[in-house]
Amino acid sequence: MKKRLWLIGLTIVLAMALAACAAPAADAPADDNAAADTEAAGSEDATAEPFRVAIVMPSTITDLAWSQSMYDGLVAVQSEMGGEGAMEIAYSENMFNVADAAAAIRDYAADGYDLVMAHGTQYGNSMFEVATDFPETSFAWGTAIDTGADEGYENVFAYEANAQEGGYVNGVIAAMINQSGVIGVVGPVEAGDAKLYIDGFVAGVKATNPDIDVNISYTGNFGDTALAAEAANTHIKAGADVLTGSAQQVVGAVGVAKEAGVPWLGTQSAQTSLAPDLVIANQLYDWTGTINDMISKINAGELGGTAYVLTLADGGLVVEFNDGYATPDDVKAAAEEAVQGIIDGSITVEME
Amino acid sequence: MNELFTLGVLIGIAHSGVRLATPYLFAALGEMFGQRSGVLNLGVDGIMLMGAFAGFYTVFNTGNLWLGVAAALGVGALMGLLMAVVSVTMQAEQGISGIGLYLFGMGMSSLLFKMLIGSVESVSGFRAVAIPVLSRIPVIGEVFFDQNILTYLAFLMVPLSWFVLNKTTFGLKIRAVGQNPEAADSLGVSVNRVRYATTILGSAMAGLAGASMSIGLLNVFQENMTNGLGFIAVALVYFGGWRPYGILGGALLFSTVSAFQLWIQVLGLPIASDIAVMLPYVLTIVALAVAVRQIQQPAALTKPYERGE
Amino acid sequence: MSMNAVRSNRQRRRLIGQLIDIALPLLAVAAALLTGAFLLLLLGVNPLDAYAAMFRGAFGNTSGITQTLTKMTPLLLVALGICIAFRGGMINIGGEGQIIVGALAAAAFSLALPEWPRWLLLPSTLTAGALAGAVWGGIAGVLKARLNVNEILSTVMLNAIALQLMNFLLRGPMLDPEQIAAGTNIPQSAALPQQVWITRLMPRTLLHSGIIYAIILAIIVYLLLWRTTIGYRIRAVGANPAAARYAGIPVRTYMTLSMTLSGLFAGLAGAVEVTGVHHRMIEGLSGGYGFSGIVAALFGKLHPLGAIPASFFFGGMLVGADKMQRSMQVPSALIVALQGLIVLFVVSSDIFVRRRSRRRVSLEQDDANTGDQPLIVPTAGHGGER
């Protein structure tokens, strides 16, 4: 018996040893994020009533894609408003189980958050159910344009991004950079935001040079980085000299593009840090306008009913060039022309 | 369909298949050692994630690739020690302890990533090194001898594992312990010591499998980046009938079909992408189902050993 | 007189022994939480506050308990299937895929027959889901029994196939016509007809009467496994296939059967989730229940009745951990690591239960009733026990 107890002890020590690897965290400089988060949670005793936002996300705040774009937006708005005293952010990440997400949405609503964001299409059903029970709380549904107004909901916002617009611009850029006649696209699942982006991208390429082949592959998954990397390799083998892709899995593909020296076009969040010399441009989702507007509407007593769509015209979508990549001026000019064309309506992005 | 069967594309498929097989080989060969001695470790995916993080973090900070490999091996071995304590000494039900280890590894790797790095970054990892002379051989040279060092290492592990398993005393002990622990015990082989060794060895290799992704194939670390690859690796051990060359066949089949379906999509053949993605999974089952095999699993697999009193 | 005293003394000892058996896993959980406390301290979170939040979140108020019960429902159903499979010597890690096909079939069935009345539609929808799961599990069973394809391999692969099947159906054939009309193409099915929604037990919660079905089914599975010939044979094949064959039991048929039944319950779990919680087929519906169900089943010692409290506590732990993530703002990764630790500690602690049970048996020469038996390794006894 004694021996066994000793072994339990050993197991604990082992686990602690593993944990101890984490010890340097406290003084590691790269740790700003985590530190800021814990502080955010701890400073509820601010003088003024802060505006309280909660968000439920399917992936992580560091996914370099869909979830991160919104989290970065929230943090930006928070610092504009004057920090944690003015706005409180709570988040639940990795909520891939929808029933768990439903519980999170309900808890946040019950906790009295002013705005509860369901940052995934699959949460819609659950969120509407909670919205019925908490008519005084504001909700927001991501990747959707349905605020439930038809069914009588007055406390639901909806938001999505016209990813095809930046996709089109990225397509124009890709077509101008391209020399081999082949461009590769690494997609996740053929649906939603990714499909919008890819359809727009193809339209942009074809409008610039109809002779270019755009090869598209889907990994069937949002998180399969290994397959995404191999998809990038395959595109390069098939002759692609410009690549793009969507969802959190693309970090694998960007890694491959970097090794192979193939330029990359990003979307959703800035992916420049992964390949500083090879990312030509990123379509960025800037949600700050959307968030600010929701907050001011809520403060004015309007709890929902608006569907926000990020577009190039309203500045929610931005195609930002990376200075680390020497983009030729004529490419920049063509991209700018495409942006202006989409804004003034002379270009309409044809969808499949 | 014709474009699919040009030499260039076929070479491309094979080249991708060989590269993709790297993490599967490391992880599945490691798992094989454990299973041959009677320990089923379902936690491979979690160990891979820990190894991937350890390797990446080390390279991120020091830039030294081999130090990264060492870190991945070390962390993998530590995870293996934990698994061995739970499954061998504490005689825990192996199906469940593996799931515990998987969750622990997945959680810890993400937590460490959040605390120590905080955002997705890239490093410059192992590059493809063409082997002089050999890489000039038409077709074969292109497919096999223009890969990164970890891929070569993974393929070298196959004959090496075969040798260790079949030609060394250690290998004999492993097989004896997995087939008939009482007999091995009566011959003076310490059953539990052998199982500790194989579990730790296998886990170190799983750690290396993770590193082969984070500092070899992808050169990034992201939370849960293996996405269940470790479970496929465990499945491949069964596919390979607990034999290194069988595992090689399984890993190559799975990864080559994965590469093949990517080419189907890239060439724009009229097959829905979801159906194409299913191909490697379906074909792996079918291949095993049609193959006539009489291989039985190690008799003591999943059975903890306790000396009769 | 003295005989009676001996007997009551023995009974008392036995009762104390059973209490210790129950206490051991709880002690193991405590040890895991103690280890987790170091992680929390590293993150600058007070472990006592965190664990208080976890416990309160799961069991401390109505909302917590209803969430725990809601979560328990699919866990228990999957766990029942796992009990059958593991007792039959089959390691089913394909719960995830079986849940998905069960949910898909249930959704498709009820959407195809929206005119049917509730008394007909609800049972047949649940049956459709259960049958689909049974087929998915049965494939692995047949592959194992007839073609010697290991079930771990086939269930891992079938999980991936089911996921892609769902992707395919939800953006094509089963896509909500409203989504097509709106041009948004969100991958989800249309809302199921209202009469197929399982009754909600409490307003403002997701708690539905599926939990009652699940508990009744647990009793039925218990009776099946221990009071019928079929159950006896399933267990005989699991305990020792060679002996079972010698005894004239068609081993292959029973292997297939246990895997099919296992899939049936996972498929039913999917059908219950879709009709009880979500009311339409969506992505992310299975969300790890395939694995959590295995853990719940093994915490319940692979006994259908043991699975009831086990899935309640494990479900509560999952719910509480999520609440802790929210109220203390700790990363979800910590919660996952903590769950891993709890699983490792609890499964390790079982050795003491096993030892005690064996000592008791040798002391009393009593045939321990099945409920007391330690967590049994699926295929046979332990190496040295022969």
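As the structure is a prediction and not an experimental result, all values here were calculated from the model. Each chain gets a letter, A, B and so on, in the order its sequence line appears, and its residues count up from 1.
The residue among D213(A), T219(A), L64(A) with the most heavy atom pairs within less than 4.5 Å of chain B is T219(A). In terms of heavy-atom pairs under 4.5 Å with chain B, the best-connected choice from E93(A), Q249(A), Q271(A) is E93(A). Between chain B and the options G255(A), G223(A), G220(A), heavy-atom pairs under 4.5 Å are most frequent for G223(A).
Within the 4.5 angstrom heavy-atom criterion, only side-chain atoms of N221(A), from C-beta onward, approach chain B. When heavy atoms are compared at a cutoff of 4.5 Å, L229(B) approaches chain A solely by way of its side chain, counted from C-beta outward. Using a 4.5 Å cut-off between heavy atoms, F113(B) contacts chain A through its side chain alone, with no backbone atom that close. Neither the backbone nor the side chain of S214(B) has a heavy atom closer than 4.5 Å to any heavy atom of chain A. The parts of M225(B) that come within reach of chain A are both its backbone and its side chain, each placing non-hydrogen atoms under 4.5 angstrom from that chain. Looking at E121(B), the atoms closer than 4.5 Å to chain A (heavy atoms on both sides) sit in the backbone and in the side chain alike. With a 4.5 angstrom heavy-atom cutoff, Q248(A) touches chain B via backbone and side-chain atoms both.
Across all non-hydrogen atoms, the minimal contact from S258(B) to L227(A) is CB-CD1, 4.2 Å. Between V277(B) and Y218(A), the shortest heavy-atom contact is CG2-O, 3.7 Å. Across all their heavy atoms, L218(B) and A226(A) have their closest contact at CD2-CA, 4.0 Å. In plain terms, the two heavy atoms of K258(A) and S122(B) that are nearest each other are NZ-OG, 3.1 Å. Considering every non-hydrogen atom in both V266(B) and A238(A), the closest pair reads CG1-CB, 3.8 Å.
Within the 4.5 Å cutoff, the side chain of V220(B) has heavy atoms near those of the L274(A) side chain. By the 4.5 Å heavy-atom criterion applied to side chains, N233(A) and L20(B) are not counted as neighbours.
Side-chain contact check for S16(B) and K237(A): no donor-acceptor pair (N or O, by modelled atom type) lies under 3.5 Å. For the residue pair Q222(B) / T225(A), no side-chain donor-acceptor distance below 3.5 Å is found, with atom types taken as modelled.
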Might you work through the side chain to side chain contact (heavy atoms under 4.5 Å, CB included) test for Q265(B) and T234(A), ending with a clear yes or no? CA-CA 10 Å; Q265(B) 295 191 46; T234(A) 305; over 6 Å; no
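Separation of atoms CG (N224(B)) and OG1 (T60(A)) is listed at 10.0 Å; rounding is to 0.5 Å.
The residue from N148(B), L217(B), N219(B) that alone fulfils the side-chain contact (heavy atoms from CB on, under 4.5 Å) condition with E259(A) is N219(B).
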